Amino acid sequence: MMGTIWINSGLGLLAFVVTLVTAWASNVWLVSLERAGVAFIIFFLAAFPIRWVLTKVTHNASLPSVKEGEVALHEGSTSPLEGKEDRQADENTESFSPLSISQMERIRPIEDPTTVAEVVRRLTDE
């Protein structure tokens with residue numbers, strides 16, 4: 001998981017202080033402390049799934065994509081063929097070109113929209 005228990009404690013402490021200050025204005029000090037304690041516990045526990053989701057999102061985004069049949073090498077490993085393979089892979093990749101309006105107009109739908117509409121009308125009638 002990303003971070004440490006200090007993130008949970010910090011989030012819980014922030015919730016504790018905010019709840020205590022806002023509840024102090026309209027409640028007795030004991031009720032304010034009780035509500036602040038409940039807020040601390042809730043936010044402390046809620047930080048665990050938040051940290052887990054953030055870890056999953058950041059690790060998935062940072063992992064290199066491996067094509068089927070290829071073996072991923074650790075970043076620390078070095079071999080004489082590693083540089084040669086990288087250069088060959090760079091030569092074989094196509095450059096990125098954004099989709100333009102003229103390319104979008106050339107794309108034809110598989111089915112005619114009127115045919116699709118008629119099929120949907122028939123299915124809703126039955």
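Predicted model only: the values in this text are computed from it and were never measured. Note that these values count all heavy atoms, side chains included, but never hydrogens, waters or copies made by symmetry.
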**Student:** Verify, without hydrogens or angle tests, whether Ser32 (side chain) and Leu20 (backbone) share a donor-acceptor contact under 3.5 angstrom.
**Tutor:**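 No, Ser32 side chain to Leu20 backbone: no donor-acceptor pair under 3.5 Å.
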**Student:** Sequence neighbours left out, what passes side chain to side chain contact (heavy atoms under 4.5 Å, CB included) with Leu11? Give chain and number order.
**Tutor:**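 Applying side chain to side chain contact (heavy atoms under 4.5 Å, CB included) to Leu11 gives Phe43, Ala47.
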**Student:** Quick one: do Leu13 and Trp6 end up in the same hydrophobic cluster if we chain Ile, Leu, Val, Met, Phe, Trp and Tyr together by side-chain heavy atoms under 4.5 Å apart?
**Tutor:**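 No: no chain of side-chain contacts under 4.5 Å links Leu13 to Trp6.
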**Student:** Take Val57 and Trp52 through the test side-chain contact (heavy atoms from CB on, under 4.5 Å) and record every step on the way to the result.
**Tutor:** CA-CA 9 Å; Val57 169; Trp52 181 77; over 6 Å; no
**Student:** Linking I/L/V/M/F/W/Y whenever their side-chain heavy atoms sit closer than 4.5 Å, directly or via other members, would Leu30 and Val21 fall into one cluster?
**Tutor:**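 Result: yes, single cluster for both.
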**Student:** Is the side chain of Thr19 donor-acceptor paired with the backbone N or O of Phe16 at a distance under 3.5 Å, no angle test?
**Tutor:**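 Here the side-chain-to-backbone pair does not exist.
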**Student:** Please state whether the rings of Phe44 and Phe40 are parallel, tilted or perpendicular, taking 30° and 60° as the class boundaries.
**Tutor:**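 Because their plane-to-plane angle is under 30°, the rings of Phe44 and Phe40 count as parallel.
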**Student:** Any side-chain heavy atom of Asn8 within less than 4.5 Å of one from Arg51?
**Tutor:**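 They are in contact (side-chain heavy atoms under 4.5 Å apart), so the answer is yes.
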**Student:** Answer yes if Ile41 and Val17 sit in the same cluster of Ile, Leu, Val, Met, Phe, Trp and Tyr residues linked by side chain heavy atoms under 4.5 Å apart, and no otherwise.
**Tutor:**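 Same cluster.
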